[in-house]
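Index from 1, following the sequence.
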Amino acid sequence: MKKSLFLIAAIVLGFSSCSLDYNYLEFDEDEFVSARNDWKDLDLQNYSFDITGESSDFDDYFSGKVTVKNGIGKIEFDRYSSKKWDIRSIDDVFAEIYESYQKVKDEYSYGRFKNVRYEISYDKRYHFPKSMYLSVYNGKNLLSEDILVYINIDDFRVR
């Protein structure tokens with residue numbers, strides 16, 4: 001019994017004080033650029049989609065319906081959504097992801113972040129980012145994430 005308690009305590013203490021001793025920045029820029037170019041090649045001017053997202057960095061949640069008509073987009077936010085995110089088209093989604101990558105990459109290069117991972121899944125037919133998940137660690141504690149961001153796109157329809 002004492003050995004079991006000691007082992008459990010050692011594991012818990014090990015994880016709580018464990019620091020990540022390697023750095024990484026995971027973002028498949030080639031795949032991202034290829035998907036963005038494939039999307040632009042479609043030249044869709046009339047479509048709609050639902051979008052949700054959240055950022056722990058800004059303690060902020062948004063949800064809304066985006067409609068693009070003749071190339072001009074608008075968003076109707078859900079009642080409780082933050083209005084900080086100005087996404088009115090799929091082009092805006094690509095821009096938002098790439099701008100965040102550039103900012104995070106700069107912070108990473110200055111040593112402010114140790115571990116950064118973007119997970120993006122793309123729609124197979126239209127090539128837009130269906131979901132994006134970003135996790136950023138400062139590297140001080142294995143169990144502590146500094147920033148979490150996600151964006152999901154659902155119900156994409158060409159009009």
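Shown are V93, N152, D92; of these, the side-chain contact (heavy atoms from CB on, under 4.5 Å) with I51 is made only by V93.
Judged by the 6.0 Å and 45° rule, R36 forms a cation-pi pair with Y98.
Note that CD1 of I75 is 7.0 Å distant from CD1 of I87, once rounded to the nearest 0.5 Å. Rounding to the nearest 0.5 Å places OG of S135 at 8.0 Å from CD of E26. With rounding to the nearest 0.5 angstrom, the CD atom of Q45 is 13.5 Å from the NZ atom of K69. The OH atom of Y122 sits 11.0 Å away from atom CD1 of I153, with the distance rounded to the nearest 0.5 Å. The OH atom of Y150 lies 11.5 Å from the OG atom of S131; values are rounded to the nearest 0.5 Å. The CD atom of E76 lies 10.5 Å from the OG atom of S48; values are rounded to the nearest 0.5 Å.
Under the 4.0 Å criterion applied to side-chain N and carboxylate O atoms, K105 and E107 are not assigned as salt-bridge partners. R157 and D155 are joined by a salt bridge, as a carboxylate oxygen and a charged side-chain nitrogen come within less than 4.0 angstrom of each other.
Contact annotation: the side chain of S55 never approaches that of Y61 to less than 4.5 Å [non-hydrogen atoms, C-beta and beyond]. The shortest distance between side-chain heavy atoms of L134 and V136 falls below 4.5 Å. Between N46 and T67, the closest side-chain pair of non-hydrogen atoms is not below 4.5 Å. Between L25 and N23 the shortest side-chain heavy-atom distance does not fall below 4.5 Å. With a 4.5 Å cut-off on side-chain heavy atoms, Y24 and R117 count as touching. Looking at Y126 and V158, their side chains come closer than 4.5 Å, going by heavy atoms from C-beta outward. Counting heavy atoms from C-beta outward, I90 and W39 have side chains that approach closer than 4.5 Å. At a threshold of 4.5 Å between non-hydrogen side-chain atoms, the residues L44 and R159 do not count as touching.
Remark: aromatic rings of F128 and F156 are close, center separation under 6.0 Å. Taking the six-membered ring for Trp and the full ring otherwise, the centers of F32 and F94 sit less than 6.0 Å from each other. Between Y108 and F113, the gap from one ring centroid to the other reaches at least 6.0 Å.
Taking each heavy atom of S89 and Y47 in turn, the nearest pair found is CB-OH, 3.4 Å.
Of the possible donor and acceptor atoms, none in the side chain of S34 sits under 3.5 Å from a partner among the backbone N and O of E31. A donor-acceptor pair is defined here as one N or O able to donate and one able to accept, closer than 3.5 Å; no such pair exists between the side chain of S63 and the backbone of D78.
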| request: Test D86 against R88 for salt bridge (Lys or Arg N to Asp or Glu O under 4.0 Å), laying out the working first. | output: CA-CA 6 Å; D86 190 25; R88 299 169 186 260; 2.7 Å; yes
| request: Show your working on side chain to side chain contact (heavy atoms under 4.5 Å, CB included) between I120 and I97 and close with a plain yes or no. | output: CA-CA 10 Å; I120 304 172; I97 292 171; 3.9 Å; yes
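Atom NZ of K65 sits in a crowded spot, with more than 12 heavy atoms from other residues, nucleotides or ligands closer than 6.0 Å.
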